[in-house]
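Contents: one structure, followed by commentary.
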Amino acid sequence: MTLLIVLAAAFSGYWFLGAHYFRQGVENWFAAQTEAGRSAEVQGLEIEGFPTAFRATSDTIVIADPSGWGWQTPSAAVSMPSWWPFQITAKLPEHQVVETPRGQLDVTVQDLTGRFDLSPSMAPKALHVESGMLQAAGADGTLRAGGFRFDSARRDGFTHHVTVTADGLGLEGGPVNLTGGALSVEGDITLAERVQDVPDAVAVPIDTLSLTKAEMRFADAAVTATGKLVSDGRGFAAGDLTLRLENWQEALDAAVSAGLIPENRIGMLEGGFRMMAEGDTLELPLTLSGGEIRFGPLPLGPAPRFR
């Protein structure tokens with residue numbers, strides 16, 4: 001009996017010490033956002049779950065970046081087993097808000113959960129995120145999905161194999177009305193080394209992205225991307241991509257209607273595509289450099305940022 005009392009007291013002490021460091025880790029993460037120039041606020045932070053888990057719950061969370069991106073949620077819950085503090089589970093509510101440079105998106109998502117597996121050095125080993133039905137509505141239109149899944153597993157060093165799938169995709173806005181779409185992505189991402197220090201990480205910088213295949217399909221039209229991109233000196237994606245368009249005329253019309261390609265370039269692009277296409281199939285070599293995406297000498301838009 002004495003031994004049981006001693007063990008119970010020792011475990012209780014371990015839990016309260018762990019809860020202290022767990023809370024400190026959450027608070028340090030929010031402080032790191034502020035130090036990086038973001039606005040980050042959390043209300044009603046509580047640590048509970050004794051004795052089986054460390055569980056952090058909160059009320060409203062608001063994060064905003066000077067670039068115009070931001071996120072708000074009315075609540076959140078993050079937990080890990082007290083006996084194995086290297087597996088983190090996060091759950092978010094059905095309604096959230098995402099701020100973008102083009103305006104606000106009201107997001108409704110069912111059963112959104114995520115699981116993070118860490119090594120004893122706190123380096124990310126695996127990530128799994130999935131949801132049920134999802135809708136993001138903004139001034140430009142509404143994006144829908146019947147379900148979403150993201151999986152990432154570490155291979156060697158900081159390289160992770162990533163897969164993304166989504167079904168029941170739909171996009172409505174202006175003249176665009178696409179339904180019954182599907183997304184499938186497979187590739188490898190090499191993260192920058194500083195992401196190993198997860199508690200102090202402010203972002204997830206990427207060194208290299210190798211796309212085995214990324215395909216989005218709507219009815220008879222499909223866009224497939226393959227290639228390899230690296231982070232340039234300014235943090236923009238740089239490298240070469242190949243886009244394969246099936247039923248390219250329909251895909252081009254949808255891209256113009258969605259505002260992805262300016263209307264004043266449609267004539268030049270359509271004429272060039274007709275000369276390059278083999279029937280309804282077209283392959284486009286794209287170059288990303290200097291912060292821009294180019295088709296030959298023609299700029300198509302800004303390149304994504306990796307850092």
Side-chain angles (χ1 to χ4, degrees), residues 8-100 104-132 134 136 148 150 152 191 194-205:
F11 188 82
S12 297
Y14 158 77
W15 188 92
F16 284 104
L17 181 63
H20 167 75
Y21 282 110
F22 187 37
R23 183 185 186 97
Q24 188 176 68
V26 173
E27 292 174 342
N28 287 347
W29 187 89
F30 278 93
Q33 308 306 306
T34 301
E35 291 174 2
R38 299 179 179 89
S39 171
E41 299 178 3
V42 57
Q43 298 178 5
L45 179 63
E46 298 287 346
I47 306 298
E48 53 193 21
F50 179 83
T52 60
F54 301 119
R55 183 166 57 249
T57 61
S58 77
D59 297 328
T60 303
I61 296 175
V62 180
I63 298 174
D65 189 271
S67 65
W69 290 94
W71 173 65
Q72 301 178 40
T73 180
S75 63
V78 179
S79 65
M80 62 176 66
S82 56
W83 48 271
W84 184 251
F86 302 111
Q87 185 177 88
I88 301 172
T89 300
K91 293 187 177 182
L92 294 173
E94 185 172 334
H95 299 290
Q96 301 165 49
V97 173
V98 175
E99 299 286 349
T100 79
Q104 178 177 291
L105 294 176
D106 294 313
V107 178
T108 302
V109 57
Q110 296 179 354
D111 303 322
L112 177 59
T113 59
R115 189 186 71 244
F116 308 82
D117 293 331
L118 306 175
S119 71
S121 67
M122 300 305 290
K125 291 175 57 180
L127 168 62
H128 170 78
V129 179
E130 67 178 323
S131 77
L134 181 151
F148 172 84
F150 175 96
S152 171
L191 305 177
R194 72 182 177 89
V195 80
Q196 182 176 5
D197 191 7
V198 172
D200 295 328
V202 176
V204 182

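Nearest heavy atom pair, residue Gly49 against residue Arg55, reads CA-NH2, 3.8 Å. Taking both residues in full, the closest heavy atoms of Phe22 and Ala56 are given as CE2-N, 3.7 Å, listed atom of the first, atom of the second, then distance. In this structure, Ser82 and Phe54 approach most closely via the heavy-atom pair CA-CE1, 3.7 Å. Contact record, Gln72 with Glu99: NE2-OE2, 3.7 Å, taken as the closest heavy-atom pair. For the residue pair Ala40 and Gln33, the shortest heavy atom distance occurs at CB-CB, 3.6 Å. Looking at every heavy atom in both residues, Pro93 comes nearest to Ser75 through CD-O, 3.1 Å.
Atom OG1 of Thr52 is separated from atom CH2 of Trp83 by 10.0 Å, given to the nearest 0.5 angstrom. Leu134 contributes atom CG, which lies 10.5 Å from atom CD of Glu94 (distance to the nearest 0.5 angstrom). Here the straight-line distance linking atom CG of Asp117 with atom CD of Gln87 works out to 5.0 Å at 0.5 Å rounding. Between atom OG1 of residue Thr108 and atom CD of residue Gln96 there is a gap of 9.0 Å, rounded to the nearest 0.5 Å. The NE2 atom of His128 lies 11.0 Å from the CZ atom of Phe150; values are rounded to the nearest 0.5 Å. Rounding to the nearest 0.5 angstrom, the gap separating the CG atom in Asp111 from the OG atom in Ser131 is 8.0 Å.
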Between Phe30 and Ile61, is the side chain to side chain contact (heavy atoms under 4.5 Å, CB included) condition met? List the steps. CA-CA 10 Å; Phe30 278 93; Ile61 296 175; 3.9 Å; yes
Could you walk me through whether Val26 and Leu45 pass the side chain to side chain contact (heavy atoms under 4.5 Å, CB included) test, one step at a time? CA-CA 9 Å; Val26 173; Leu45 179 63; 4.1 Å; yes
How far apart are the C-alpha atoms of Val97 and Trp71, what are their side-chain angles, what is the distance that settles it, and do they pass the side chain to side chain contact (heavy atoms under 4.5 Å, CB included) test? CA-CA 6 Å; Val97 173; Trp71 173 65; over 6 Å; no
Please step through side chain to side chain contact (heavy atoms under 4.5 Å, CB included) for the pair Val42 and Trp29, ending with a clear verdict. CA-CA 11 Å; Val42 57; Trp29 187 89; over 6 Å; no
